[in-house]
Protein chains: 2
Amino acid sequence: MDPAAAGNLSSSLEDYLEAIFNLTADGEVARSKDIADSLKVAKSSVTGAIKTLAEKKLVNHKPYGYVTLTPAGRAAAQNVARKHDIIKLFFVNILGVDDTLAQDAACKAEHVLGPDIIRRLLDFTEFVTTRNGSGYNLAGEFRKFSRNSNTQTDSMEAAQNG
Amino acid sequence: MDPAAAGNLSSSLEDYLEAIFNLTADGEVARSKDIADSLKVAKSSVTGAIKTLAEKKLVNHKPYGYVTLTPAGRAAAQNVARKHDIIKLFFVNILGVDDTLAQDAACKAEHVLGPDIIRRLLDFTEFVTTRNGSGYNLAGEFRKFSRNSNTQTDSMEAAQNG
DNA sequence: TTGACAAGTTAGGGTAGGCTAACTATATTA
DNA sequence: TAATATAGTTAGCCTACCCTAACTTGTCAA
């Protein structure tokens with residue numbers, strides 16, 4: 001897991017890596033077409049990204065063949081995927097965000113939150129969940145609290161949502 | 001506050017708007033040089049961004065003059081600044097993140113979190129703070145919980161931090 | 001085994017955003 | 001008021017991504 005290569009990845013390249021990771025999770029190989037579909041980009045964009053990732057030794061690829069992650073690529077992808085899961089879990093389980101929205105937001109936030117904040121977010125979610133087991137349902141109480149304080153601002157927020 | 005103009009701003013343009021907002025907060029005018037300094041970009045990059053923002057009617061500007069926000073620009077900037085504050089407050093007051101790190105992370109996250117999540121984050125911070133007032137210090141308890149579970153992973157995270 | 005269709009690549013172009021260097025305008029100050 | 005320093009602009013270049021269109025390769029079924 002070469003830190004020099006995986007350390008400075010753009011959001012875009014992290015997305016490609018994550019997509020390959022998800023596509024190959026069940027032992028399948030990733031094909032260019034599937035990557036394009038899952039990221040909703042053109043096939044040629046995938047070719048370009050794969051080329052860049054291959055130069056960084058994060059994926060294995062020979063022309064017209066499928067794509068697999070190198071150990072370094074797998075580590076980097078796993079790191080992104082882990083961030084994604086932690087963020088989404090916090091959004092859904094603690095904040096009570098709708099699953100789809102949480103998914104979308106996690107896809108973006110995963111590229112901007114560093115390891116310190118991610119660790120704390122994970123710990124916090126675990127902390128609240130643990131306390132929850134020991135009698136008091138903090139997330140549930142927050143749900144009630146939240147419902148009361150937000151009724152008339154929703155339409156204005158919906159208009160801003162992107 | 002024209003939603004068509006302010007709705008599709010890039011992270012970069014939001015940063016410029018926010019910088020102008022902060023520079024003009026105390027009734028001062030914003031000068032190109034100051035914007036460049038605060039965003040750590042070249043003067044010519046500011047000129048280009050200002051031109052784009054002026055086309056979108058978000059700033060007032062005449063060549064070699066200073067820059068002010070239009071009502072629409074002020075609304076958009078305020079929205080970004082508000083997001084920033086809410087995210088940072090959550091990081092610092094709830095997660096116990098260091099101020100500088102929280103500031104940096106908020107600068108990035110403010111561009112990717114939508115209004116629904118921002119509202120919930122604000123509510124949640126308020127909820128925890130309110131409960132805190134009524135006897136139980138949740139954030140403080142989390143601080144203790146967090147300290148115990150993280151001692152040996154820190155060096156590895158420091159290496160990844162960017 | 002050979003078309004035909006699907007998958008992948010290449011070529012070329014567009015936008016956004018950054019940079020440096022050189023120029024122009026403004027402000028300061030001797 | 002003229003010289004100089006600072007601020008702002010312009011021109012030109014670069015990188016990162018994305019796109020479409022056209023071409024090449026691979027594969028599967030008749």
Side-chain angles (χ1 to χ4, degrees), chain A residues 4-20 23-24 28-69 76 80 107-108 110-112 162, chain B residues 4-20 23-24 28-69 73 76-77 80 107-108 110-112 162:
Chain A
N8 319 329
L9 290 173
S10 66
S11 297
S12 173
L13 289 181
E14 284 189 349
D15 280 335
Y16 282 100
L17 229 37
E18 194 183 11
I20 297 165
L23 286 168
T24 57
E28 298 289 310
V29 297
R31 304 178 66 190
S32 199
K33 176 64 170 13
D34 301 326
I35 299 168
D37 288 346
S38 80
L39 294 177
K40 300 194 201 314
V41 296
K43 292 176 297 170
S44 58
S45 302
V46 177
T47 303
I50 293 303
K51 208 170 93 182
T52 305
L53 290 172
E55 277 161 13
K56 294 176 182 287
K57 314 275 191 193
L58 297 171
V59 301
N60 305 115
H61 180 240
K62 57 184 75 173
Y64 298 97
Y66 48 73
V67 182
T68 56
L69 293 166
V80 177
C107 278
K108 294 174 188 165
E110 69 195 18
H111 306 298
V112 305
Chain B
N8 317 330
L9 289 173
S10 66
S11 297
S12 173
L13 289 182
E14 285 189 349
D15 280 335
Y16 281 99
L17 229 37
E18 195 182 10
I20 297 164
L23 287 168
T24 56
E28 299 288 311
V29 297
R31 304 176 67 188
S32 199
K33 177 67 170 15
D34 301 326
I35 299 167
D37 288 347
S38 80
L39 293 177
K40 300 192 200 313
V41 296
K43 292 176 298 171
S44 58
S45 302
V46 177
T47 304
I50 293 303
K51 208 169 95 182
T52 305
L53 290 172
E55 278 162 12
K56 293 175 183 289
K57 314 275 191 193
L58 297 172
V59 301
N60 304 117
H61 179 242
K62 58 183 73 170
Y64 297 97
Y66 48 74
V67 181
T68 56
L69 294 165
V80 177
C107 278
K108 293 174 187 165
E110 69 196 16
H111 306 298
V112 305

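Hydrogens, waters and symmetry mates are skipped; everything else that's a heavy atom, side chains included, is used. Reminder, nothing fancy here: chain letters follow the sequence lines and each chain counts from 1.
- For the pair B/Tyr16 and C/dG18, the criterion of a side-chain N or O lying under 4.0 Å from OP1 or OP2 is met.
- For C/dT20, the base has a donor-acceptor partner in the side chain of B/Ser44 [N/O atoms by modelled type, under 3.5 angstrom].
- Distance CD1 (A/Ile50) to P (D/dC17): 13 Å, rounded to an integer number of Å.
- Considering CD1 of B/Ile35 and CD1 of B/Ile50, their distance stands at 4.0 Å, rounded to 0.5 Å.
- Here the side chain of A/Val41 is nearest to one of D/dC18, C/dT24, C/dC19, namely D/dC18.
- Rounded to an integer number of Å, the gap from NZ of A/Lys33 to C1' of D/dT24 is 18 Å.
- B/Ser12 has no side-chain polar atom (N or O) that falls below the 4.0 Å cut-off from OP1 or OP2 of C/dA16.
- The distance from the CG atom of B/Asp15 to the CG atom of B/Leu9 is 10.5 Å, given to the nearest 0.5 Å.
- Looking at heavy-atom distances under 4.0 Å, B/Thr52 makes no contact with the nucleic acid at all.
- Computed from coordinates, the A/His111 NE2 to D/dC17 C1' distance equals 14 Å when rounded to whole Å.
- The distance from the OG1 atom of A/Thr68 to the CG atom of A/Asn60 is 3.5 Å, given to the nearest 0.5 Å.
- Atom CG of A/Asp37 is separated from atom P of C/dA7 by 9 Å (rounded to the nearest Å).
- Comparing B/Arg31 and A/Ala42 by the nucleotide of DNA chain D that holds the closest heavy atom to each, the one mapping nearer the 5' end is B/Arg31.
- Counting to the nearest Å, the C1' atom of D/dA7 and the CG atom of B/Leu23 are 15 Å from each other.
- One atom, CG of A/Leu9, and another, P of D/dA16, lie 12 Å apart when rounded to the nearest Å.
- With rounding to whole Å, B/Glu14 atom CD is found 11 Å from C/dG17 atom P.
- Both A/Lys43 and B/Gly65 lie close to DNA chain D; mapped to their nearest nucleotides by heavy-atom distance, the more 5′-ward contact belongs to B/Gly65.
- B/Glu55 has its CD atom 12 Å from the P atom of C/dG17, to the nearest Å.
- Judged by distance alone with a 3.5 Å cut-off, no donor-acceptor contact links the side chain of A/Ser32 to the base of C/dT9.
- Of the side-chain N and O atoms in B/Thr47, none sit less than 4.0 angstrom from OP1 or OP2 of D/dG8.
- Heavy atoms only, all atoms of each residue included: B/Lys43 and B/Ser32 are closest at O-OG, 4.4 Å.
- Here the shortest heavy-atom pairing between A/Thr24 and A/Ala30 reads CG2-N, 3.6 Å.
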